[in-house]
Amino acid sequence: MPNSIPKMMTVRQIAKTGLLPEAAIRRLLREKKIPAVYSGKKAYINFGTLCEQLANLKPAS
């Protein structure tokens with residue numbers, strides 16, 4: 001079976017990777033700029049999708 005299960009991580013887990021600070025991730029969630037699945041108040045973010053979104057950002061002009 002292929003590894004097709006997405007890696008879902010909490011805000012703190014993603015912040016610990018050094019990808020983005022916790023405050024920045026929370027702000028993006030609040031502004032609905034990144035998708036997440038909620039279980040109660042806890043947000044789970046697809047880590048692979050987040051990395052792709054960040055890689056495809058265009059620089060501000």
Side-chain angles (χ1 to χ4, degrees):
M1 181 162 79
N3 189 8
S4 61
I5 298 173
K7 184 169 184 178
M8 303 299 282
M9 298 173 73
T10 64
V11 172
R12 284 206 175 130
Q13 289 172 330
I14 292 173
K16 285 181 181 179
T17 67
L19 184 65
L20 286 171
E22 191 173 327
I25 300 166
R26 293 191 189 283
R27 185 176 55 245
L28 290 171
L29 284 170
R30 214 174 24 254
E31 295 171 356
K32 301 196 186 306
K33 292 188 176 180
I34 55 174
V37 175
Y38 287 88
S39 176
K41 289 184 175 183
K42 188 167 283 210
Y44 292 92
I45 302 161
N46 183 326
F47 186 69
T49 302
L50 177 61
C51 290
E52 285 177 21
Q53 285 181 326
L54 293 174
N56 292 327
L57 284 177
K58 301 209 188 314
S61 50

Distance-only criterion, 3.5 Å: show the donor-acceptor pairs between side-chain atoms of residues 43-56 and protein atoms not counting sequence neighbours.
from: N46; atom 1: OD1; to: G48; atom 2: N; distance (Å): 3.1
from: N46; atom 1: OD1; to: T49; atom 2: N; distance (Å): 3.2
from: N46; atom 1: ND2; to: T49; atom 2: OG1; distance (Å): 3.3
from: N56; atom 1: ND2; to: E52; atom 2: O; distance (Å): 3.1

Group every Ile, Leu, Val, Met, Phe, Trp and Tyr by side-chain heavy-atom contacts under 4.5 Å, then state whether I34 and L19 land in the same group.
yes
With sequence neighbours excluded, residues passing salt bridge (Lys or Arg N to Asp or Glu O under 4.0 Å) with K58
none
Output side-chain donor-acceptor pairs under 3.5 Å for residues 8-16, partner residues at least two apart or in another chain, one line each.
from: T10; atom 1: OG1; to: Q13; atom 2: N; distance (Å): 3.2
from: T10; atom 1: OG1; to: Q13; atom 2: OE1; distance (Å): 3.4
from: R12; atom 1: NE; to: E22; atom 2: OE2; distance (Å): 3.4
from: Q13; atom 1: OE1; to: T10; atom 2: N; distance (Å): 2.8

